[in-house]
Peer 1: 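Let me begin by handing over the structure; questions about it come next.
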Amino acid sequence: MSTVTNTEQPTAPSTAHALAGAAETTPDASASTPGASVSAWNPVLRVAPASPAAAAAYFGASLAFHADVSDVASALAADGDPGFVVVDSRSTASWDQGHIPGAVHLPTALIPEQAERLLDPSVPVVTYCWGPGCNGATRAALALAQLGFQVKEMLGGFEYWAREGFAFETWEGTQRHTPDALTAPVDAEDCGC
């Protein structure tokens, strides 16, 4: 591997960037020393991007394991069977505070003893917990997969369901929050993703 060395800049593996398809560019002269690699000054490219084939495999796998709140809401709102069941993996107190309409309440700790009674093993499952700071849905998805269920995790959890303005049920009835402009478009049906 070839390296570019400049006594005023750190050593950077320029060949690795070229092999990974990273551009070897230098910003204007005032921003760096001539000949310095992008990685010497750019924290985004310190680690070269993956090859297109590796990126396609990674992102394809990610979509096989995850669904986002908007996609789940859209599928549930469409006429007919969405083709999956939603599982809330949180405690009863959390469920009572708010949950997705139509979801099955199955706390993670109870999955080994109750999943096969409550869920059809031929129907894919989408798990959720509180939000991005909670890995309860991940643990629930693992427990279900270990029992032979096809499963995806809903990114964002209940937090983003409520923040994006979708209706949810509580022990007091159905509620809906105004969409948070940082999580969902306020004046559009979807984000266009």
Peer 1: Find the distance between CD (Q97) and CD (Q175) and round it off to the nearest 0.5 Å.
Peer 2: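 These two atoms lie 9.5 Å from each other.
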Peer 1: Quick one: closest heavy-atom pair of G136 and C129, and the distance?
Peer 2: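 Looking at all heavy atoms of both residues, the shortest contact is N-SG, 3.7 Å.
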Peer 1: Is it the case that one hydrophobic cluster holds both W161 and F84, taking links as side-chain heavy atoms less than 4.5 Å apart, direct or via other members?
Peer 2: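 Yes, one cluster joins them.
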Peer 1: Would you please test T170 and D96 for side chain to side chain contact (heavy atoms under 4.5 Å, CB included) and show each step?
Peer 2: CA-CA 5 Å; T170 72; D96 289 345; over 6 Å; no
Peer 1: Say you draw a straight line from NE2 of H66 to CG of L155; how long is it, rounded to the nearest 0.5 Å?
Peer 2: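 Atom-to-atom, H66:NE2 and L155:CG are 5.0 Å apart.
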Peer 1: I need the H105 NE2 to S94 OG distance, nearest 0.5 Å.
Peer 2: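 Taking NE2 in H105 and OG in S94, the distance rounds to 7.5 Å.
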Peer 1: Check V72 against A67 and note the closest heavy-atom contact, atom names and distance.
Peer 2: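 Of all heavy-atom pairs spanning V72 and A67, the closest is CG2-CB, 3.9 Å.
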Peer 1: Once ring pair (Phe, Tyr, Trp, His ring centres under 6.0 Å) is applied, do any residues pair with F168, and if so which ones, sequence neighbours excluded?
Peer 2: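 F168 satisfies ring pair (Phe, Tyr, Trp, His ring centres under 6.0 Å) with F158, H177 once adjacent residues are dropped.
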Peer 1: I need the minimum non-hydrogen distance between R163 and T183, along with the two atoms involved.
Peer 2: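 The answer is O-OG1, 3.3 Å.
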Peer 1: Examine L106 and V151 and state if one hydrophobic cluster contains both, with Ile, Leu, Val, Met, Phe, Trp and Tyr joined whenever side-chain heavy atoms are less than 4.5 Å apart.
Peer 2: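 Yes: a chain of side-chain contacts under 4.5 Å links L106 to V151.
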Peer 1: Where is the tightest heavy-atom contact between P82 and A75, given as atom of each residue plus distance?
Peer 2: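 Minimum heavy-atom contact is CB-O, 3.6 Å.
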Peer 1: Taking all non-hydrogen atoms of both residues into account, name the closest pair between T108 and A140 and its distance.
Peer 2: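 That closest heavy-atom pairing would be OG1-CB, 3.5 Å.
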Peer 1: Is V104 linked to L76 within one hydrophobic cluster, defined over Ile, Leu, Val, Met, Phe, Trp and Tyr using a side-chain heavy-atom separation of less than 4.5 Å?
Peer 2: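 In one cluster with V104: L76, no.
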Peer 1: Would you say the side-chain atoms of W130 pair up with the backbone N or O of G156, donor to acceptor, closer than 3.5 Å?
Peer 2: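 No, W130 side chain to G156 backbone: no donor-acceptor pair under 3.5 Å.
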Peer 1: Taking only residues two or more places apart in sequence or in another chain, which ones pass side-chain hydrogen bond (donor to acceptor under 3.5 Å, both in side chains) with R139?
Peer 2: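 R139 satisfies side-chain hydrogen bond (donor to acceptor under 3.5 Å, both in side chains) with N135 once adjacent residues are dropped.
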Peer 1: Does T127 reach the side chain of M154, with side-chain heavy atoms less than 4.5 Å apart?
Peer 2: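 They are not in contact (no side-chain heavy atoms under 4.5 Å apart), so the answer is no.
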Peer 1: State yes or no: do L63 and V86 share one hydrophobic cluster built from I, L, V, M, F, W and Y residues joined by side-chain heavy-atom distances below 4.5 Å, directly or via other members?
Peer 2: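 No, because L63 and V86 fall into different hydrophobic clusters, even though each may have its own neighbours under 4.5 Å.
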Peer 1: Check for a donor-acceptor pair, side chain of R176 on one end and backbone N or O of G165 on the other, with a separation under 3.5 Å.
Peer 2: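 Such a contact is found between R176 side chain and G165 backbone.
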Peer 1: Between K152 (side chain) and P124 (backbone), is there a donor-acceptor pair under 3.5 Å?
Peer 2: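 Not at all, since once roles are kept as given, no pair shorter than 3.5 Å links the two residues.
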Peer 1: Determine, stepwise, if the pair V85 / V126 fulfils side chain to side chain contact (heavy atoms under 4.5 Å, CB included).
Peer 2: CA-CA 6 Å; V85 63; V126 175; over 6 Å; no
Peer 1: With rounding to the nearest 0.5 Å, note down the distance linking CG in D120 to CZ in F149.
Peer 2: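 D120 CG to F149 CZ: 8.0 Å, rounded to 0.5 Å.
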Peer 1: Determine whether a donor-acceptor pair (N or O, by modelled atom type, separation under 3.5 Å) exists between the side chain of Y128 and the backbone of A103.
Peer 2: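 No; judged by distance alone, with no hydrogens or angles, the pair does not exist.
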Peer 1: Of all the heavy-atom pairs spanning D88 and G98, show the shortest one and how long it is.
Peer 2: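 Smallest heavy-atom distance, with atoms named: OD2-O, 4.4 Å.
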Peer 1: Quick one: do the S70 and E164 side chains pair a donor with an acceptor below 3.5 Å?
Peer 2: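 Yes, side-chain donor-acceptor contact under 3.5 Å.
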Peer 1: Quick one: CZ on R117 to CG on L110, what's the gap to the nearest 0.5 Å?
Peer 2: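 One finds 9.5 Å between CZ of R117 and CG of L110.
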Peer 1: State, without any angle test, whether E153 and T138 hold a side-chain donor-acceptor pair at a distance under 3.5 Å.
Peer 2: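 The answer is yes; a qualifying pair exists.
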Peer 1: Working to the nearest 0.5 Å, report the span between CG of L119 and CG of L144.
Peer 2: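 The CG atom of L144 is 6.5 Å from CG of L119, to the nearest 0.5 Å.
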Peer 1: Are there more than 12 heavy atoms of other residues, nucleotides or ligands under 6.0 Å from atom CD of Q114?
Peer 2: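 Atom CD in Q114 is packed in, count exceeds 12.
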Peer 1: Are V87 and L118 connected in a single hydrophobic cluster, I mean Ile/Leu/Val/Met/Phe/Trp/Tyr linked by side-chain heavy atoms less than 4.5 Å apart?
Peer 2: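 Yes, one cluster joins them.
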